[in-house]
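Structure first, commentary second.
Start at 1 and go down the list; that is how both ligands and their atoms are numbered. In what follows, every heavy atom counts, from backbone to side chain, and hydrogens, waters and symmetry copies are set aside.
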Amino acid sequence: MSEPNLTQTDPEIATLIGREVQRQHEKLRLIPSENYASKAVMEATGSVLSNKYSEGYAGKRYYEGQQVVDEVETLAIKRLKSLFGVDHANVQPYSGSPANLAVYFAFCQPGDAVVGMALPSGGHLTHGWNVSITGGYFNAHQYGVRQEDELVDFDQVAKLAREHRPRLIWCGATAYPRIIDYDRFAEIAQDVGAVLVADIAHIAGLVAAGVHPSPVGKAEVITSTTHKSLRGPRGGMIMCDRKHRKKVDKAVFPGLQGGPHNGTTAAIAVAAHEASQPAFKHYGSAIVENARALAEALCGHGLRLVTGGTDNHLILADLTPKGVPGKVAAQALDRAGIVCNYNSIPFDPRKPFDPSGIRLGTPALTSRGMGADEMKHVGRWIAAVVEAPDDDRLQGRVAGEVRDLCASFPAPGVPASSTA
Ligand SMILES: *Cc1c(COP(=O)(O)O)cnc(C)c1O
């Protein structure tokens, strides 16, 4: 008798996954941190490798039976080193936040000064924001963007660095639509003897594709997630100069974690392989072209974009001129089949749980093969729904048009929907 599959063992969960398959098929997914991992990445993630325990590093494990896993992890590291041109990579962090925490653990004592970008300006929680452990256990000082142009305030970064002599300076963001100037950050870090950490979680795929400058050679430590624009499995990684290798590895294991997720490690290797192919460069440039096209369309329909546009995969729209709160807009858009998230804008007069903006990104649509023509439609739909967030009939009509568009752009890694 063959082994029962998920539908037979647990129809309840199978049905829920089926509904998520359908959602990912028929909606436009514009959350900039999300994507569609390939079928190959999904297969590696869900493979038997996840049955294995492998505390330690290749050749120095605390359990036997590592004949295969050692090779898998070594291959993932080798591919990342070659993809990004770094001395060392650690692929064991469970996700982006644990990767960042490991960097604090490698370089700081509790109470040490650190400098990072404030959440309301686009920084990540783990860059020292007060509700994060990184803001509580370290003496975190936060920089932001300038009021006049909404770009990183480098005068403030330099001032905080000189005043507080931090161990770490964090750069990189989670809601910032422009190029990160690693040279400027490196100069400031060097002046005060701080270690510059570049968190490329959102833009790792753009860096790998060569459409965003690389922090390699400028930041001594680089952290990232593997599941955003890089299009790998859910995971994290730390890349660094040779001289920091031991410290970083020790901080991840045994400092912060136990056994690595070996299926994830294999899938990171697959993603790094995919990212080294010519097609990935096209994908990277298409992400940026699509973001520009969408930004242009939104501006054309009278939306105000933070910084006036985008250089990367991400758009922050300030809905204040439309008189619609971000959350109301995001919920109306979801009903219309367009999924994004409400987001604070710099100097937002509204509360974080009810902010003025929405955040949009093009990686997932680009992975489906959509291009500038589709972005024009998407921009028009977004503007229409935002203008009339209570118009159910409009939302129903747009949702139908979205479904029709999505039907022509099959999503990678998503099984054909039973209802499609
Ligand atoms: C997403 C993100 C993280 C955290 O990643 P998780 O996997 O959600 O823990 C860290 N830094 C930045 C800049 C991010 O955008």
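When all heavy atoms are compared, the tightest approach of Gln156 to Gln142 is NE2-O, 3.7 Å.
No more than 12 heavy-atom neighbours from other residues, nucleotides or ligands sit within 6.0 angstrom of CZ on Arg245. More than 12 heavy atoms of other shown residues, nucleotides or ligands fall within 6.0 angstrom of atom CZ in Arg380.
Near Thr174, meaning under 4.0 Å from any of its heavy atoms, are these atoms of ligand 1: 14 (C), 15 (O). Using a 4.0 Å cut-off to heavy atoms of His227, the atoms of ligand 1 that qualify are 7 (O).
With hydrogens left out, the protein atom closest to atom 1 (C) of ligand 1 is Lys228 NZ, 1.3 Å, a heavy atom. Given atom 7 (O) of ligand 1, the protein heavy atom at minimum distance is Ser95 OG, 2.4 Å. Of the protein's non-hydrogen atoms, the one nearest atom 3 (C) of ligand 1 is His124 NE2, 3.2 Å. At the top of the distance list for atom 12 (C) of ligand 1, counting protein heavy atoms only, stands Asp199 OD2, 3.3 Å.
Taking the six-membered ring where tryptophan is involved, the planes of Phe138 and Tyr104 are essentially parallel, since the angle between them stays under 30° and well short of 60°.
Counting heavy atoms closer than 4.0 Å to ligand 1, residue Ala173 contributes backbone atoms (N, CA, C, O) but none from C-beta onward. Under 4.0 Å from ligand 1, heavy atoms of Ser97 appear from its side chain as well as its backbone. By the criterion of a heavy-atom distance under 4.0 Å, neither the backbone nor the side chain of Arg234 is placed next to ligand 1.
Between Gly96 and ligand 1, a contact under 3.5 Å exists for at least one N or O pair. No N or O atom of His127 sits closer than 3.5 Å to an N or O atom of ligand 1.
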Would you give me the side-chain donor-acceptor pairs under 3.5 Å for residues 346-358, sequence neighbours excluded?
| residue | atom | partner | partner atom | Å |
| --- | --- | --- | --- | --- |
| Asp348 | OD1 | Arg350 | N | 2.8 |
| Asp348 | OD1 | Ser356 | OG | 2.7 |
| Asp348 | OD2 | Ile345 | N | 3.1 |
| Asp348 | OD2 | Ser356 | N | 2.9 |
| Arg350 | NE | Asp354 | O | 3.0 |
| Arg350 | NH2 | Asp354 | OD1 | 3.4 |
| Arg350 | NH2 | Asp354 | OD2 | 2.8 |

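Heavy-atom proximity to atom 5 (O) of ligand 1, evaluated over Ile203, Thr226, Thr225, is greatest for Thr225.
Judged by distance alone, the side chains of Asn290 and Thr362 never bring a donor and an acceptor atom under 3.5 Å apart.
Between Asp311 and Arg178 there is a salt bridge, since a side-chain N of the basic residue sits under 4.0 Å from a carboxylate O of the acidic one.
Atom CD of Gln66 is separated from atom NZ of Lys60 by 13.5 Å, given to the nearest 0.5 angstrom.
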